[in-house]
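Reminder, nothing fancy here: chain letters follow the sequence lines and each chain counts from 1.
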Amino acid sequence: MNLYTRTGDQGQTNVIGARVDKDDPRVEAYGTIDELNAYIGYARTFLTDKAFQDIYEELEKIQHHLFDCGSDIAVVYEKQKHPFKTTEDMIRFLEERIDHYVEEAPALEKFILPGGTEAASVLHIARTAARRAERLIVSLMKEVKIHHPVLIYVNRLSDYLFAAARVVNYRLNVKDVEYERSGKVFRTHNSKKN
Amino acid sequence: MNLYTRTGDQGQTNVIGARVDKDDPRVEAYGTIDELNAYIGYARTFLTDKAFQDIYEELEKIQHHLFDCGSDIAVVYEKQKHPFKTTEDMIRFLEERIDHYVEEAPALEKFILPGGTEAASVLHIARTAARRAERLIVSLMKEVKIHHPVLIYVNRLSDYLFAAARVVNYRLNVKDVEYERSGKVFRTHNSKKN
Amino acid sequence: MNLYTRTGDQGQTNVIGARVDKDDPRVEAYGTIDELNAYIGYARTFLTDKAFQDIYEELEKIQHHLFDCGSDIAVVYEKQKHPFKTTEDMIRFLEERIDHYVEEAPALEKFILPGGTEAASVLHIARTAARRAERLIVSLMKEVKIHHPVLIYVNRLSDYLFAAARVVNYRLNVKDVEYERSGKVFRTHNSKKN
Ligand code: B12
Ligand code: B12
Ligand code: B12
Ligand SMILES: C[C@H]1O[C@@H](n2cnc3c(N)ncnc32)[C@H](O)[C@@H]1O
Ligand SMILES: C[C@H]1O[C@@H](n2cnc3c(N)ncnc32)[C@H](O)[C@@H]1O
Ligand SMILES: C[C@H]1O[C@@H](n2cnc3c(N)ncnc32)[C@H](O)[C@@H]1O
Ligand SMILES: [Mg+2]
Ligand SMILES: [Mg+2]
Ligand SMILES: [Mg+2]
């Protein structure tokens with residue numbers, strides 16, 4: 001097999017349904033989802049202990065989901081032939097897990113420093129990569145129509161990664177360090193949020 | 001507590017004092033400071049040995065500082081109610097430490113390959129993330145007024161991370177590899193620099 | 001030596017041949033090559049075992065190459081005084097190694113999840129950083145003339161990193177996981193490719 005095809009050497013490439021410049025917002029967006037996916041793959045290498053089996057398995061599932069998200073934005077919306085892959089169910093799966101992990105980890109009022117254990121640190125890196133991907137999806141949406149659940153999935157994923165990072169530290173008895181000049185930014189009641 | 005609020009699912013979010021698109025340059029800038037902060041958190045996990053206590057503790061201090069920087073640019077300048085958090089003192093702190101570590105590590109004339117020990121490698125990654133954040137702050141400054149010390153702090157931080165990476169390798173007896181086709185780019189005299 | 005010069009504190013800096021804003025596309029491009037270089041330095045720390053001597057040494061060579069690429073785009077094309085450093089030979093070197101590793105690793109039809117061993121995971125992260133750098137070089141080319149082999153080198157490098165990641169997992173008996181809803185995307189015949 002020839003892995004490289006030399007067809008991208010002039011700075012253009014194929015998305016599903018069009019030929020575009022490699023710095024096209026569509027390519028930026030799914031390229032960053034690929035990057036995020038790589039961080040999650042890396043995070044999993046620190047979570048092989050039995051104590052993290054839940055998170056370990058969920059992260060693999062999420063890796064498949066991220067390919068679903070990538071496929072859905074790699075295709076030109078108007079030319080899509082198959083049903084989109086990103087579903088409401090995938091979002092609900094994340095929400096259920098977030099609620100669960102928020103419950104397990106100690107309550108939170110202030111921002112915490114990203115870090116602690118290796119696994120949690122890499123989950124925090126992945127969290128910020130998810131947010132970078134989300135910003136690029138928002139830019140993409142200003143140019144072309146996309147399958148909206150992709151944006152919601154990636155938004156929720158950064159909260160999942162935050163919750164998972166906290167639980168990992170908690171299970172390893174490593175206390176998250178609060179930002180020392182933080183206000184009480186996390187609202188514990190179900191009041192209006194932004 | 002509900003960690004996710006669903007209010008960002010349409011691609012907009014709140015900064016302090018306004019509602020903006022998630023790809024707003026302000027969000028790009030503090031989102032990347034958050035990413036940088038996560039790399040520093042990760043770097044610290046490799047620096048728990050007594051021999052690195054100085055750097056380990058400084059990096060925690062820097063993580064708090066980065067939240068200060070983030071707060072200062074998350075707020076719309078004209079609507080700031082509290083004093084800004086990023087100070088000249090924080091910059092002087094970095095400068096003092098840089099001078100100290102430059103003295104400790106072997107003298108340098110040529111570019112070095114980022115790498116060596118794990119700790120130094122991650123510090124180099126953080127260094128390049130600091131520079132990415134700096135570029136985004138420069139873009140932001142073209143759009144809105146910001147608290148200028150934030151830019152200087154992040155600029156200096158990348159030099160701190162370079163100096164710290166070199167010292168870590170040095171203390172572990174790992175020689176930095178010089179870029180083999182490098183000119184003598186580092187000026188050892190206090191001549192004019194750019 | 002004074003590492004910091006304070007001359008960049010207003011958001012401008014020197015490339016070779018001009019003074020520019022720090023968010024200039026040229027600075028974005030070589031700044032991201034620097035970031036990619038840092039990931040490769042990090043990947044090497046996981047490849048010190050004899051079984052990976054080939055990849056370990058190739059990655060050091062590639063780190064030098066990336067400085068060559070960086071130099072070539074740091075200089076204003078029209079003001080270049082020395083011959084460019086990035087050569088066709090460097091590209092052929094990558095192609096030869098890719099063909100070799102594609103042969104060694106198990107045949108591939110579907111996308112795989114980035115991950116597996118630590119070394120492979122970090123190689124996948126580097127792969128996606130190479131692709132991010134490539135996108136920024138494409139943006140740069142729309143603004144100014146650049147030495148074209150740089151683009152080709154960075155394009156090929158992402159394929160090298162993919163092939164190397166697969167070989168590392170293979171040598172460690174870790175099976176790559178296929179994306180479960182993937183089509184047969186990798187073409188095994190030498191048919192037309194995009
Ligand atoms: C988009 C894309 C990517 C995206 C993937 C997007 C995502 N999903 O996140 C990203 C950026 C990650 C990517 C990465 C890479 N890619 Co790519 N990629 C493509 C591209 C443009 C489309 C592939 C694709 O999805 N085809 C669409 C359809 C047919 O596949 P599908 O969506 O999976 O649909 C099938 C099934 O899923 C199913 N299906 C469809 N919808 C649904 C819905 C449900 C519910 C279900 C169950 C099933 C189902 O039916 C379909 C038919 O089989 C192709 C080029 C092209 N135009 O074909 C290159 C291509 C496959 N990539 C290529 C390469 C080299 C790579 C990389 C190695 C590059 C690198 N160095 O990093 C990596 C490998 C990544 C990995 N981990 O394996 C090469 C392969 C060359 C070769 N030898 O054949 C190609 C051919 C481009 C080229 N250079 O010519 N890639
Ligand atoms: C900016 C911001 C961020 C920034 C932080 C910026 C920075 N500092 O670097 C970043 C991007 C890092 C961030 C991340 C996250 N955030 Co946020 N964030 C906000 C935002 C917009 C403002 C928070 C804030 O700083 N408030 C300003 C004031 C009140 O606080 P303050 O600056 O700390 O000021 C206080 C003190 O510091 C003191 N003070 C002020 N000035 C000075 C000066 C000195 C010298 C001193 C000593 C004291 C002092 O007085 C103030 C009053 O108490 C809020 C939404 C909102 N508009 O409130 C969301 C918000 C808090 N975030 C939220 C979330 C979910 C997160 C993340 C989990 C998202 C994610 N998945 O990654 C992470 C968590 C990060 C972490 N490590 O803990 C949610 C929380 C939801 C909830 N359940 O309540 C909110 C409410 C947004 C939302 N969705 O509705 N966030
Ligand atoms: C471009 C650049 C970078 C690029 C490097 C680009 C690349 N190659 O990838 C990047 C972004 C990586 C970089 C990083 C850093 N840099 Co810098 N960089 C520069 C800059 C603008 C140009 C340096 C340069 O390449 N000079 C060009 C020529 C003279 O060098 P050359 O290409 O290597 O050419 C020589 C040889 O290679 C040979 N040659 C030329 N062509 C060919 C061809 C062949 C085939 C061969 C064999 C030889 C050969 O002849 C030449 C003459 O000796 C200078 C400022 C300036 N304008 O000088 C700052 C500068 C050197 N950097 C500086 C700093 C501080 C750094 C960082 C520490 C910043 C940080 N915190 O991260 C890091 C250190 C990185 C490291 N790993 O060592 C400072 C040093 C301050 C000081 N005390 O002297 C400078 C002076 C900028 C400043 N602030 O004033 N930098
Ligand atoms: C927690 C805070 O983070 C900011 N925010 C929301 N989405 C993103 C994103 N994708 N990237 C960076 N910052 C974001 C908003 O300001 C929110 O209130
Ligand atoms: C060392 C060299 O790095 C470049 N430089 C300065 N600031 C940044 C940044 N934030 N990102 C990338 N490159 C930068 C300039 O060209 C400087 O001279
Ligand atoms: C494998 C697929 O990846 C996409 N592609 C090609 N080059 C890049 C890049 N630099 N960054 C992100 N995606 C890219 C194209 O769509 C190609 O077909
Ligand atoms: Mg969000
Ligand atoms: Mg600087
Ligand atoms: Mg390519």
Where does [X] contact chain C at under 4.5 Å (heavy atoms): side chain, backbone, both or neither?
X	value
Ile125(B)	both
Tyr101(B)	neither
Leu140(B)	neither
Thr117(B)	backbone
Glu95(B)	both

Mind checking whether [X] and [Y] have side chains closer than 4.5 Å, heavy atoms only?
X	Y	result
Leu3(C)	Phe186(B)	yes
His64(C)	Val177(B)	yes
Thr32(C)	Arg135(B)	yes
Thr5(C)	Arg187(B)	no
Phe67(C)	Arg181(B)	no
Tyr179(B)	Ser71(C)	yes
Asp9(C)	Arg156(B)	yes
Glu60(C)	Glu180(B)	no

Distance-minimising heavy-atom pair for Gly41(C) and Ser121(B)
O-OG, 3.8 Å
Shortest non-hydrogen contact from Gly11(C) toward Leu151(B)
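In this case the closest contact between Gly11(C) and Leu151(B) is N-CD2, 3.9 Å.
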Once rounded to the nearest 0.5 Å, what's the spacing between atom CG of Asn155(B) and atom OG1 of Thr13(C)?
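Those atoms lie 8.0 Å apart.
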How many angstroms lie between atom CG of Asp34(C) and atom CZ of Arg127(B), to the nearest 0.5 angstrom?
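Interatomic distance, Asp34(C) CG to Arg127(B) CZ, rounded to 0.5 Å: 4.0 Å.
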Contacting region of Gln10(C) [heavy-atom separation from chain B under 4.5 Å]:
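It is both, since atoms from each part get that close.
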Is chain B contacted by the side chain of Asp24(C), its backbone, both, or neither, given a heavy-atom distance below 4.5 Å?
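Neither part, no heavy atoms under 4.5 Å.
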For Glu103(B), look at atom CD and say whether over 12 heavy atoms of other residues, nucleotides or ligands are found less than 6.0 Å away.
no
If you draw a 6.0 Å radius around OH in Tyr170(B), do more than 12 non-hydrogen atoms from other residues or ligands fall strictly inside?
no
On the 0 to 90° scale, with breaks at 30° and 60°, tag the Tyr42(C)-Phe46(B) ring pair as parallel, tilted or perpendicular.
perpendicular
Given the options Lys142(B), Arg132(B), Arg131(B), Asp23(C) meets salt bridge (charged side-chain N to carboxylate O under 4.0 Å, His left out) only with Lys142(B)
Can you tell me which of Val154(B), Leu108(B), Leu136(B), Val102(B) forms the most heavy-atom pairs within a distance under 4.5 Å of chain C?
Val102(B)
Just so I understand: if I count every heavy-atom pair under 4.5 Å between each of Gln12(C), Arg6(C), Lys85(C) and chain B, which residue has the most?
Arg6(C)
In sequence, state the C-alpha distance, the side-chain angles, and the governing distance for Asn2(C) and Ile98(B), and then conclude on side-chain contact (heavy atoms from CB on, under 4.5 Å).
CA-CA 9 Å; Asn2(C) 240 342; Ile98(B) 295 168; over 6 Å; no
